[in-house]
Amino acid sequence: MEPITVTRFAPSPTGALHLGNARTALFSFLLGRASGGRFILRIEDSDRGRGGPEFIVSQLADLAWLGLSWDAGPDRDDGRGPYRQSERGPIYDGLYEKLEFEGYAYPCYCTPLELDVARRAQLAASQPPRYPGTCRGLDSAARAARAAEGRQPALRFRVPDAGVIEFEDLVRGPQSVAAATLGDFVLRRADGGPMFFFCNAVDDSLMDVTQVLRGDDHLSNTPRQLLLLQALKMPVPRYGHLPLLLDASGAPLSKRRGSTTVGELRERGYLAAAVGNYLLRLGHTGAPDQWVEPAEFARNFSLDRLGRAPAHFDAAQLDHWQREAVRRLTPEQAVHWLDAELPADWSGQQRLEFAGLLQGNLLFPADTADWLPVLRGDLPPLTAEDSSVLAEAGPAFFEAALTAYHEVGADVGALGRELKQRTGRKGAALFMPLRIALTGRHDGPELAALLPAIPAALVRARLTGAARAH
RNA sequence: GCUCCCAUCGUCUAGAGGCCUAGGACACAGCCCUCUCAAGGCUGGUACGAGGGUUCGAAUCCCUCUGGGAGCGCCA
């Protein structure tokens, strides 16, 4: 039987979830849970000095908002937890011991200063900055001597001097790296905390993760994790490295640079399904050019349709999917989306009517502010162009419109016929000045739908005003 | 500095030696439809980073260069 696919997303709580990470999370989710496997969430908070719990909360909320749900995570243990690395110390302790006992790891007493000096010297000599191996061959007497100085050792992995590490990357294909280029890396810090290479690899294995999708920046680190897991004789997941996401200027999206975060998009009113449709196509093909429902994402996702080159974030494309998403909102959903922007005193029915009327003309909830005055207040000043349209129509036109409105009311069809008869105007020459006088702008929903939504007193006042001013 | 990864329209990309005078989507421009906007339909411009090979034939394979990115941390 084919073993079940288990994927994971392992954010570190050092900032808000940005688009690049969201994409990695989405793809992992699609490959796992959405395809009948499992998807788990692990918080990589092994560095106590950085980040904070507020970021765990916000990242979880962002993930949930995007529609990604997880089978296990910090809020949902399935027996393989805990799912926060800061709580997994005891698990790591046994592994350190085993590694050291079997000779795969050794204590390193070098100080940060010593390491820094060595690194600079190597760089100056055009050598790659690697751990020089100072503590590699220390005997027990030498170790005791250093310990007696009060030095707290870190634990380093002993990388083989020779050999080649080979693996098949899920998106890049066969990879191979010479062990000699690696250098012994730290497993456990002097303060006892685990290092990324160690806890990340070990946890994936312990949590039965079968496929790891992560950023390109981990590609060169993968051999280390492979070596480590092999030394531990633990199951090794398959790794796939996604190209990084760049911003419009070509710089990598990152937390530090404050690049587009999921939270920001949500606050601006982007719909999760829009972000999903965009992300699904960013560096990935196979989805049709048309809108795809989130429930169909997994069906349209495939590892071998992943691109290898870094992709740029393009707001115009996101907005395209946003427009598609807004169009597909039911009136109830649209009201919910718009809620905070609508007048508090409006009834549910009024909200529904407003949403139904303007949904096609809004890209963000904030755009509501452009339309509220049309339905219930003073119109902003006209543009010169719009104003000249009113002038061209002339006072008589608006007087006729006023009379016609008295007679037929808000029925635009009847109003149009009446006006045509009275003024001889038709088509755009008839409706355009009417629209501008009534709404203060030249675009928007059909007048037939718009006119009944404007209170009669306002309609009369605007037509009167147009007749006077022009 | 060393190692690794990447390279097709402005952007996302199709393309796995002849189907490519390079296709689609977004964006842009024009036209049609329409009271307008949006949607829809049609049309248009814009790309294989450079140079060498291999081959009857290369966007596709190889090499060099260029450009971009990553890694080399007691960060993740």
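Order of the sequence lines fixes the chain letters, A, B, ..., with proteins taken first and strands second; residue numbering starts at 1 for each chain.
Taking atom C1' in both B:C48 and B:C20, the straight-line distance is 10 Å, to the nearest Å. When the C1' atom is used for both B:C65 and B:G45, the distance is 32 Å, rounded to whole Å. As rounded to the nearest Å, B:U11 and B:C37 have P atoms that lie 30 Å from one another. For the P atom pair drawn from B:U60 and B:G73, the interatomic distance equals 37 Å after rounding to whole Å.
When distances are taken from the side chain of A:Pro128 to each of B:G71, B:C37, B:C2, the shortest belongs to B:C2. For A:Met195, counting side-chain heavy atoms from C-beta on, the closest listed nucleotide (B:A25, B:C75, B:C35) is B:C75. Of the candidate nucleotides B:A76, B:U36, B:C12, B:U36 has the atom nearest to the side chain of A:His442. Taking the side chain of A:His320 as heavy atoms from C-beta on, and the options B:A27, B:C35, B:C72, the nearest nucleotide is B:A27. Of all nucleotides listed (B:C12, B:A70, B:C37), B:A70 comes nearest to the side chain of A:Leu244. Counting only heavy atoms from C-beta on, A:Phe431 has its side chain closest to B:C35 among B:C5, B:A39, B:C35. Nearest to the side-chain atoms of A:Ser46 among the listed nucleotides B:A25, B:A76, B:C35 stands B:A76. With B:C4, B:C12, B:C74 as the candidates, the nucleotide lying closest to the side chain of A:Leu219 is B:C4. Ranking B:G71, B:G73, B:U36 by closeness to the A:Arg224 side chain, first place goes to B:G71. Listed candidates were B:A70, B:C26, B:C35. Nearest to the side chain of A:Ser220 is B:A70.
With ring centers used as reference points, A:Tyr270 lies under 6.0 Å from A:Phe364. In summary, the aromatic rings of A:Phe167 and A:Tyr239 are positioned with their centroids too far apart to meet the 6.0 Å limit. Ring pair A:Phe198/A:Tyr92: centre-to-centre distance below 6.0 Å.
The residue A:Ala154 sits close to a base: some heavy atom pair falls under 4.0 Å. As judged by a 4.0 angstrom heavy-atom cut-off over every strand, A:Glu446 is placed among the base-contacting residues. When heavy atoms are screened at a 4.0 angstrom cut-off, A:Arg327 is found touching the sugar-phosphate backbone but no base atom. At the heavy-atom level, A:Leu115 lies under 4.0 Å from base atoms of the strands shown. Heavy atoms of A:Ala311 sit under 4.0 angstrom from primed sugar atoms or phosphate atoms, though from no base atom. The residue A:Thr181 sits apart from the nucleic acid: no heavy atom pair falls under 4.0 Å. Nucleic acid contact for A:Asn361: base, since at least one base atom lies under 4.0 Å from a heavy atom of the residue. The residue A:His241 sits apart from the nucleic acid: no heavy atom pair falls under 4.0 Å. Using a 4.0 Å heavy-atom distance criterion, A:Arg305 is classed as a sugar-phosphate-only contact. Across all strands shown, A:Gly444 has heavy atoms under 4.0 Å from base atoms, whether or not it also approaches the sugar-phosphate. Backbone-only engagement by A:His312 is indicated by non-hydrogen atom pairs under 4.0 Å involving sugar-phosphate atoms exclusively. Note on A:Phe185: nothing from the nucleic acid sits closer than 4.0 angstrom, heavy atoms only. Contacts of A:Pro129 with the nucleic acid, taken as non-hydrogen atoms under 4.0 Å apart, include base atoms. As judged by a 4.0 angstrom heavy-atom cut-off over every strand, A:Glu44 is placed among residues touching the sugar-phosphate backbone only.
The base-pairing partner of B:C20, taking Watson-Crick or G-U wobble contacts with both distances under 3.5 Å, does not exist among the strands shown. Checking B:C4 for Watson-Crick or G-U wobble geometry (two distances, each under 3.5 Å) identifies B:G69 as its partner. Within the shown strands, nothing qualifies as a pairing partner of B:U46 under the Watson-Crick or G-U definition with both distances less than 3.5 Å. Figure legend. B:U55 is base-paired to no nucleotide; pairs are counted as Watson-Crick or G-U wobble with both atom distances under 3.5 Å. B:C74 is unpaired under the Watson-Crick or G-U wobble criterion, no partner having all donor-acceptor distances under 3.5 Å. Across every strand in view, B:C26 sits in a pair with B:G10 that passes the Watson-Crick or G-U test at under 3.5 angstrom. B:G40 is paired with B:C32 under the criterion used here, namely a Watson-Crick or G-U wobble arrangement in which both key atom distances are under 3.5 Å.
The side-chain hydrogen bond (donor to acceptor under 3.5 Å, both in side chains) test with A:Asp169 singles out one residue from A:His241, A:Gln175, A:Arg238, and that residue is A:His241.
Protein atom CG of A:Asp289 is 12 Å distant from nucleotide atom P of B:G40, rounded to whole Å. If you measure from atom CZ of A:Phe198 to atom C1' of B:G73, you get 18 Å, rounded to the nearest angstrom. Put simply, CG on A:Asp314 is 7 Å from C1' on B:C26, counting in whole angstrom units. A:Phe27 places its CZ atom 14 Å from the P atom of B:C12, with the value rounded to the nearest Å.
The base of B:C35 lies close enough to the side chain of A:Arg435 for a donor and an acceptor atom to sit less than 3.5 Å apart.
Proximity of A:Arg119 to the phosphate of B:C74: a side-chain N or O atom is located under 4.0 Å from OP1 or OP2. Taking 4.0 angstrom as the limit, A:His284 places none of its side-chain polar atoms (N or O) nearer than this to OP1 or OP2 of B:U13. For A:Arg281 and B:C26, the shortest distance from a side-chain N or O to OP1 or OP2 is not below 4.0 Å. At least one side-chain nitrogen or oxygen of A:Arg189 sits closer than 4.0 Å to the OP1 or OP2 atom of B:A76.
By the 4.5 Å heavy-atom criterion applied to side chains, A:Phe196 and A:Gln225 are counted as neighbours.
To the nearest 0.5 Å, atom CG of residue A:Leu228 and atom CZ of residue A:Phe185 are 5.5 Å apart.
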